[in-house]
Participant: 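I have a structure I would like to understand better, so I am pasting it below and will then ask my questions one at a time.
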Number of protein chains: 2
Amino acid sequence: MRHLLFAAAAVIALPVHAQDQAATVRIMDEGLSHSQVMTTAQHLTDVIGPRLTNSPQMRQAEAWTQAKFAEWGLKNVHKEGFDFGRGWSIERSSVRMVSPRPLQLTAIPIAWTPATNGTLSAPIVVAPMKKARDFAQYRGKLAGKIVLVSSPGEVSERKRPVFSRLSDEDLGKMDAYDVPHHDPDADARELKNADFEKERDAFLKAEGALAYATISYRDGMLVHGEGYMFETGKSPSLPGVQIAAEDYRRLARLAKTGAAPTLEIVSDVRYDDSDRQAYNVFAEIPGTDPKAGYVMAGAHLDSWVAGDGATDNAAGSAVVMEAARILAKLGVRPKRTIRFALWNGEEQALLGSLAWVEKSLATRGGPNDPPLVGERRYYEWPKRWPINPQPGYKDLAAYFNVDNGSGKFRGIYTENNPAAAAIFREWMVPFQGLGMTTVAAGRTDGTDHVFMQSVGAPGFQFIQDPLEYSSRTHHSSADTFDHLKEEDMRQGATILASFLLNAADAAKPMPRPPLPTRPAVTNPFAYPDPEETN
Amino acid sequence: MRHLLFAAAAVIALPVHAQDQAATVRIMDEGLSHSQVMTTAQHLTDVIGPRLTNSPQMRQAEAWTQAKFAEWGLKNVHKEGFDFGRGWSIERSSVRMVSPRPLQLTAIPIAWTPATNGTLSAPIVVAPMKKARDFAQYRGKLAGKIVLVSSPGEVSERKRPVFSRLSDEDLGKMDAYDVPHHDPDADARELKNADFEKERDAFLKAEGALAYATISYRDGMLVHGEGYMFETGKSPSLPGVQIAAEDYRRLARLAKTGAAPTLEIVSDVRYDDSDRQAYNVFAEIPGTDPKAGYVMAGAHLDSWVAGDGATDNAAGSAVVMEAARILAKLGVRPKRTIRFALWNGEEQALLGSLAWVEKSLATRGGPNDPPLVGERRYYEWPKRWPINPQPGYKDLAAYFNVDNGSGKFRGIYTENNPAAAAIFREWMVPFQGLGMTTVAAGRTDGTDHVFMQSVGAPGFQFIQDPLEYSSRTHHSSADTFDHLKEEDMRQGATILASFLLNAADAAKPMPRPPLPTRPAVTNPFAYPDPEETN
């Protein structure tokens, strides 16, 4: 109830005059009739390609986006580095079954695994492992083998459409506050699983295995190839490939019903250790009131290596860049500074935005907490207490994150901050005819506003039409420019530009939640399930 | 109305006693509790793999299926050859973009195209051609190039589910007689298009192009690779590959916005000219009454080369084989002979079943009609008049074709022969609890019963749950054993065995339509559209 009362108070307190309708109309003209959003997206995807953090392609993207911001007249264009690890890219790859019959398989090298140095030929062994306790049964059986480490499972029966938009009914169901849960047992399990990829690599190496293969988690011949051993000095020992589900399961069945198939793997991948820092890119439209703080829009520029990282997240990056271009083109002079951020390392534990949060908003934990590195930061950092605000903590008046594919904006989440609802409703009015209609109470997860939220900063995401994001493109080999929708992207960039200008010119900053403190355990009476904790 | 009256008459005339319910129960026990259908299908797909007509793998399948029929106690197991053309198979393949950036593409060699003999490297040129009149604009521009001959088009927005079963509502809508249409102009257009692949190959060769590429007709990174130049002495001149839609469209966009990408193609494919005949496989359970004729079930054993030809049509082949195994196991002694046919060359103009129809049922055309060869037989043969019945024309009492994926049987089409409806309704009764409920009046198309029907023989197909057949697996790289549904296949084989026994023991053969004669033109007043005929 506290939040709801707060919301009601905020509505009354807000000046309803604030919007500059003439500016909105100009933004709509520039964003809808003079858009460059698809040109930007096409360069990021087709020309540059996938943008794995610290890969040569991501370096290109860091440089190209800064050049574009500068060309469009943005100010204070720069990059800020943070410690990350190695670059990695694929030059050439092939996985082929040699026996019992020749067959070219669909597969992709797993990110940050080493090269095969030519052709690696070996029989497979199917040895599904999910936890370290699974290792024992395979001891002594893996030497000289390509180890299939995933359970083959079964094909899905996908009954929902691949492509979808939100109906009015769908939107009507979305306004649900996300009641917090705090389960320390679940946190512990999550942490334990985080290191499994490293443990498995060490086990396979110790056993003398030659390479490993995982199964793609989407069927229909899509592959993904995510891997997390990106830290310098901690690269995997063994080459690894993710094999399309159909191809993987065929191998597993053949191995069960006859002689183990032999594979030929060529994984010509390259590390790039020229710079272990990754870089977030920033650009600004300076505010007229230096004491008014800033508003910000951001999207992660990095991607995985399958496909071209189009819906995840050239789409969001192009929308954020286009909002910057529109506002710069119109020569707006907002009260607050409008900052644009292109994050890096999002696909690896949100490390880019986390580095920025620690520097600009708050640190977490006490003086005796050990330092956190690599992927574990994702799991451990938000569970450290207390939160220690940095100078400038309050300067961020609102942050808008874009990372849900290329679907049009259908509304916005208040992210459990219902005080924002009435403000957003007002800002949406000019865009109702473009399908932007809904304010939803709940929280969204898994991208760069999360660590801002976790320290009490006002970070938001938009409700977007899902299109094929979860069904097909997210992280997959089908994540290409083809799957971006031009009208949707124009609409999103236009609305983002308008929201940013409204937030920058608002008489008051967005209402903020209180500084978070350690929550009560949701169910202190429960016992952990031994199956899950062992 | 004539047909409906006829159907009513048939119901009255039929002996309702005929079904041997004890036999049905035994068939259900063998087919549902002791099934081997998935073991058969797994061998055809995983172990043998794709079965392009006359490929080494199809030769294996011809031999293995005969051995299984013999092992199961079927009689008169043999193969019958017909003139076809070359074998062809893929040993190794790779399509890779070299510039503007390295990228492994998803692609497949097009059936019967020649090998590259090592690595072929060349820039692309986008030159979409649909008809011979499109050639002129590309003259002089294709030498030394890899020619992208398809229009890039746009990604689909697939709003229907990938996986589906027929609802009662869907089934309720299916009972619709298929009113015949006869449009000689459409026939002429069809014939004209049939030769385009050959004309394009000749044009590309004359222009000095090095290879060509088409776009996959399904997006989501699936590939297919169908090609039709299988005749001996008429192989394509140029290596050809089908590229995944997303990869193809990226190439086309890059060529439009910058320097033409360069590709590296490796197509290590092999012709096999050891035998230009292809073979249909037959097996029988002999009837006790040599004058009663025979009933038959059939499925094509051949497939395309992407995937393992699982739903198209190892599924149907395994169901037909399993029905044979069930009936042989039970030692049935039917009045009519029950014949099982595994057709060849179905994917190339139904050439296997057509050869059998000409030998066993009827020829078409007059003494002065020129001979028909290759793929043109598909278009021209059914349009020749008159039909000349062969000795034995009337002996085929009923034919059941299985070629609609692995979905369970939900009913049966009368194929515009409503006199069969009441008989089928009676035969379905024991299987209503297994989802077999519907008799639909209409015709089905595109597989091996078509040429039987075209000469007036009683050929039928079952209504099957679609599953992923048209959405994903049909002819595609995802057509693997994974996508076969065990319960569905058991159900189908069981019902097929029962239908065959009922048809073999029925007091009278299935009611037949009259011998077809040349139909009246549907709309003799229409003018052809010049756009379509030029």
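Chain letters run A, B, ... following the sequence lines, proteins first, then strands; residues in each count from 1.
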Participant: Nearest 0.5 Å, what's the CG-OG distance between B:Leu105 and A:Ser477?
Facilitator: 12.0 Å
Participant: Please tell me if the side chains of A:Asp268 and B:Gln104 come closer than 4.5 Å, counting only heavy atoms from C-beta onward.
Facilitator: no
Participant: Before accepting this row, confirm whether a basic side-chain N of the pair A:Arg96/B:Glu91 lies closer than 4.0 Å to the acidic partner's carboxylate O.
Facilitator: yes
Participant: For A:Glu157, is there an ion pair with B:Lys485 - N to carboxylate O distance below 4.0 angstrom?
Facilitator: yes
Participant: Given the options B:Leu467, B:Thr106, B:Thr257, B:Leu251, which has more heavy-atom pairs under 4.5 Å with chain A than any of the others?
Facilitator: B:Thr257
Participant: Could you have a look at A:Ser164, A:Gly258, A:Pro102, A:Ala478 and say which one has the most heavy-atom pairs with chain B under 4.5 angstrom?
Facilitator: A:Pro102
Participant: Kindly check if the number of other-residue, nucleotide or ligand heavy atoms within 6.0 Å of CD (B:Glu71) is above 12?
Facilitator: yes
Participant: What pair of heavy atoms forms the shortest contact from A:Glu468 to B:Ser156, and how long is it?
Facilitator: OE2-O, 4.1 Å
Participant: Could you have a look at B:Thr39, B:Ile90, B:Val47, B:Ile108 and say which one has the most heavy-atom pairs with chain A under 4.5 angstrom?
Facilitator: B:Val47
Participant: Look up atom CZ in A:Arg250 and atom CD in B:Gln42, then write down how far apart they are to the nearest 0.5 Å.
Facilitator: 10.5 Å
Participant: Which atoms of A:Ser94 come close to chain B, meaning under 4.5 Å heavy atom to heavy atom: side chain ones, backbone ones, both, or neither?
Facilitator: neither
Participant: Does a salt bridge link B:Asp482 with A:Arg253, judged by any charged N lying under 4.0 Å from a carboxylate O?
Facilitator: yes
Participant: Considering only NZ, NE, NH1 and NH2 on the basic side and carboxylate oxygens on the acidic side, decide whether A:Asp46 and B:Arg101 come within less than 4.0 Å.
Facilitator: no
Participant: I need the residue from B:Pro100, B:Gly307, B:Gly220 with the largest number of non-hydrogen atom pairs under 4.5 Å to chain A.
Facilitator: B:Gly220
Participant: At a 4.5 Å cut-off on heavy atoms, which part of A:Asp247 comes close to chain B: side chain, backbone, both, or neither?
Facilitator: neither
Participant: Any heavy-atom pair between the side chains of A:Glu246 and B:His483 that's under 4.5 Å?
Facilitator: yes
Participant: Less than 4.5 Å apart, side chain to side chain, heavy atoms only: is that true for B:Arg92 and A:Glu264?
Facilitator: yes
Participant: Atom CZ of A:Phe163 and atom CZ of B:Arg158: how far apart are they, to the nearest 0.5 Å?
Facilitator: 13.0 Å
Participant: What part of A:Ala244 lies closer than 4.5 angstrom to a heavy atom of chain B: side chain, backbone, both or neither?
Facilitator: neither
